[in-house]
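The structure under discussion appears below in the form of structure tokens.
Chain letters run A, B, ... following the sequence lines, proteins first, then strands; residues in each count from 1. All heavy atoms count here, side chains included; hydrogens, waters and symmetry mates do not.
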Number of protein chains: 2
Amino acid sequence: MNGTLADQLQNSLSTYNPIRNGGGVRDEGHYMNGASVSSHNGSMDSKFPPSYKRMAQRRKVPEGELCAVCSDLATGYHYGVASCNGCKTFFRRTIVSEQTFICQYNGNCDVNKNIRCACRHCRFNKCLIVGMDAKAIQNDRDRIGPTKKAKMSSGSDDEQAVTPHRLQDQEIVDQLTQIENLCAELRRRIIPDVTGVTQALTSNCMLYETTDLDLDGNTQFKELYPASMNDIRMWNIREMRICIEWGKTFEIYQRISLFDQFALVRNFAFAFNLLNRVFYSPDHGPDKIVFQNGAFIMRQPQQQVQLSGCRPIYTRQMDEIMIPFRRLQLSIAEFATFKAALFFNPDALDLSAQAKPEVYEERNKYLCALFTCITSKLGMAAGVQKYGSLLMMTASIQNILAQNEENMQVMELFKNWEVDPFVKELCMKPMIR
Amino acid sequence: MNGTLADQLQNSLSTYNPIRNGGGVRDEGHYMNGASVSSHNGSMDSKFPPSYKRMAQRRKVPEGELCAVCSDLATGYHYGVASCNGCKTFFRRTIVSEQTFICQYNGNCDVNKNIRCACRHCRFNKCLIVGMDAKAIQNDRDRIGPTKKAKMSSGSDDEQAVTPHRLQDQEIVDQLTQIENLCAELRRRIIPDVTGVTQALTSNCMLYETTDLDLDGNTQFKELYPASMNDIRMWNIREMRICIEWGKTFEIYQRISLFDQFALVRNFAFAFNLLNRVFYSPDHGPDKIVFQNGAFIMRQPQQQVQLSGCRPIYTRQMDEIMIPFRRLQLSIAEFATFKAALFFNPDALDLSAQAKPEVYEERNKYLCALFTCITSKLGMAAGVQKYGSLLMMTASIQNILAQNEENMQVMELFKNWEVDPFVKELCMKPMIR
DNA sequence: ACGACGAGGTCAAAGGTCTC
DNA sequence: GGAGACCTTTGACCTCGTCG
């Protein structure tokens, strides 16, 4: 799930379950698939020949062994872990019934014999952390002893229905996170030119073949230096292009009309740009937005970026977006899901009436996924606040966008800086309203 | 709980409750065989001495067994004693809440089915005497969530319970709802003039003495008619005044500096105005915002409210606020709490750095209350969406406010309509930025 | 064959929820 | 605000299939 969890996993495995370590893993043909979470299984497998494992597998749970989850007396090894009857049954029930729990507190409740029922989220979490293996759950009890044959026939395992789709939200978040990483990759590459937004929208998505593109030297970090207008222009265009590629990864986005695609992306592109800029800005204090290549924007107006009527926008980006983001300690997964929820805005200007309900539902999907993602780490109490605070940031974002648009109008009007045609096509609403 | 009781307890335990103690061997037979249960069991209980009963400890309470406390029909063995549902729950509640009762008579009241509620002291005493075991009371478990409601509403997935601070949240919501009603009352009254915002902020809150004020005939509904500029102006000023009175009802608001009070109210007053306008607009279709006195604004630009550059604002108010509000079916309580969360905006322009954290916490308070309020009605799945959709409306609100401010600047610039001095002081940021 | 182990199943009795 | 009917969850104990 996240780094901390993985660390805990490593620790807890050796702490809670040393017997299994020494005694070897269960019969490999049974339920252990190499895909298991724990890496220590892998090392075991490589150390001992199968025969050892079989012999050791029969080993009784030592007298007085405690449940790795709740420290009650263990009744045996269940789902790969020394555990008590209660935790064993609890784990199976949770998996089978596809339940999802949310911690009412902060997601780090104690789990022990006396209070193990107090928080089901944290109890289940602990089950996973100590290594209980959901794949050991047999969903079909009526199987007819095919064990021997199955082992003989092939080493390849057909694992159908291995993952119950109870973690639908988690899957959504995971996928968005993956796409987010692809975007990061594309951000380093030379993005081929297009004639305009329409061509960008209708061409194949570049995110799945980023490695075909050459690295762009301009995006590589060399040193910190004050951003020039060219830097700002380059990053603006770059993010806008990435935004379109990102949008095209959504299945629903491909289904709606080009007109609606345009409406959504025009509504969101600059927010995408802005959000990525501040979220991925390395932390050099609250007064600097730093681009990937080292160019930075300071709070104090610089020579390089002074334009009439366009000054206060960066201060606001720092105060109302960058600093709150840092305070909220958003993970990349949360950030990615948040952007998806923003993108599918049913109130986007010019969005057709037919598309609205569909977009609304899509947004709901990401809102729920975001909520699940946040509360699974923080629990209910803090999660509701974080989710709420994050969503209320939309106000600031919108505000800054409005101001930015105004600035662009001013620029256009006074011609003191020519806006890139692609950016103009993507971001600026026509003057006539 | 006292000496005598302890003695009695000892006795009663050996008399009434030999079964539960000791880990006797289980019944040989197949206990799940429903057909044999009652007859087998019944005969056992009557035939065999107590020590044998322990073998049957897992069996159902015999047919017709009576509650050892009140002689009602027993529903099973609870806390070691055959007892009815009432006495079981009564015993747990008493232990958990650590209540102490005092007998009004002589401490030897009869306890039976009909009068078991007459004396809680004697009922609890009886519970102990017959051997109910306080050690069998467990720690608090995780919340389960709605039971009956879940079936009734949309058959969505797992409904998890809401925060443990439920009651506290409910209180917050209730209080806000009350204030909301007071505002509605004030809205109908003649509000005394003030010299300016500062005077309004520093005077006593009028909401608690609305009945001292005379009714304002201009606010009473007579008939529907197109709003004049005077109507709009009147309602603007009125809502701004109410906003200040409303703000003063918050304890924290009274504590912060006048400067910060000004910052918060300036940031929010027009939103307050706008939100109340559309929320309380009687539903005359999606194309009309109707004031309380019958004046209405149409989507199509009217003669009366045509101002250069100021047209599209009402369309947006309808499309992005009024219609979504109706779609979300906000209750007054939810609406009131939402406004409180908006009001305490830590990113409000000009808010002092000291006040920010406090305001942030205050907002969190209302966010949690809002979430509780919504999910307690809709359950988790739908609640998360509604909460999320509502909070994302802040973007539209902010957008419209920005546009409104722009309009006001235009008005001010072209002097085609004089903005009321009070409104100007409250809403307009200085031109210099 | 047989006993140990750990899958899943069972159900009384815990606790929680909801309507008076 | 408490009582108690009703609902959900828990876990000790059970059976069964599979190994050594």
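- Taking SG of A/Cys109 as the reference point, atom CD1 of A/Ile115 lies at 7.5 Å (rounded to 0.5 Å).
- The CD-C1' distance, from B/Gln138 to C/dA12, rounds to 13 Å in whole Å.
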Within the sub-3.5 Å range, which N or O atoms of nucleotides 3-5 of chain D have a protein N or O partner, and how far apart are they?
from: D/dA3; atom 1: N7; to: B/Arg93; atom 2: NH2; distance (Å): 3.2
from: D/dG4; atom 1: OP1; to: B/Arg116; atom 2: NE; distance (Å): 2.7
from: D/dG4; atom 1: OP1; to: B/Arg116; atom 2: NH2; distance (Å): 3.2
from: D/dG4; atom 1: OP2; to: B/Arg123; atom 2: NH1; distance (Å): 2.9
from: D/dG4; atom 1: OP2; to: B/Arg123; atom 2: NH2; distance (Å): 2.9
from: D/dG4; atom 1: N7; to: B/Arg93; atom 2: NH2; distance (Å): 2.9
from: D/dG4; atom 1: O6; to: B/Arg93; atom 2: NH1; distance (Å): 3.2

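- One atom, CD of B/Gln99, and another, C1' of D/dG1, lie 10 Å apart when rounded to the nearest Å.
- Distance B/Ile95 CD1 to C/dG15 P: 10 Å, rounded to the nearest Å.
- Distance from the side chain of B/Asp140 is smallest to C/dG16 among C/dC18, C/dG16, C/dG15.
- Under the 30°/60° scheme for interplanar angles, the aromatic rings of B/Phe124 and B/Phe91 are found to lie parallel.
- Distance B/Leu73 CG to D/dC6 P: 13 Å, rounded to the nearest Å.
- Contact annotation: B/Tyr79 side-chain N/O to C/dG15 OP1/OP2 distance is under 4.0 Å.
- Nearest heavy atoms, A/Lys113 versus A/Asp72: CD-OD1, 3.4 Å.
- To the nearest angstrom, P of C/dA13 lies 10 Å from NZ of B/Lys88.
- Regarding A/Phe91, its CZ atom lies at a distance of 10 Å from the P atom of C/dG8, rounded to whole Å.
- Ring centers of A/Tyr387 and B/Tyr387: under 6.0 Å apart, within the cut-off.
- Taking CE of A/Met380 as the reference point, atom CD1 of A/Ile374 lies at 12.5 Å (rounded to 0.5 Å).
- Each of C/dG9, C/dG16, C/dA13 was ranked by its minimum atom distance to the side chain of B/Arg143; first place goes to C/dG16.
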Determine, step by step, whether B/Gln178 and B/Asp174 satisfy the side chain to side chain donor-acceptor pair (under 3.5 Å) criterion, reporting the C-alpha distance in whole Å, the side-chain angles of both residues, the deciding distance to 0.1 Å, and the verdict.
-> CA-CA 6 Å; B/Gln178 270 188 308; B/Asp174 286 345; over 6 Å; no

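- In the displayed structure, B/Glu180 atom CD is contacted under 6.0 Å by more than 12 heavy atoms of other residues, nucleotides or ligands.
- Nucleotide C/dA1 is matched to nothing when pairs are restricted to Watson-Crick or G-U wobble geometry with both distances under 3.5 angstrom.
- Spacing between atom CD1 of B/Ile137 and atom P of C/dG16 amounts to 10 Å, rounded to whole angstrom units.
- Distance B/Asn139 CG to D/dT9 P: 19 Å, rounded to the nearest Å.
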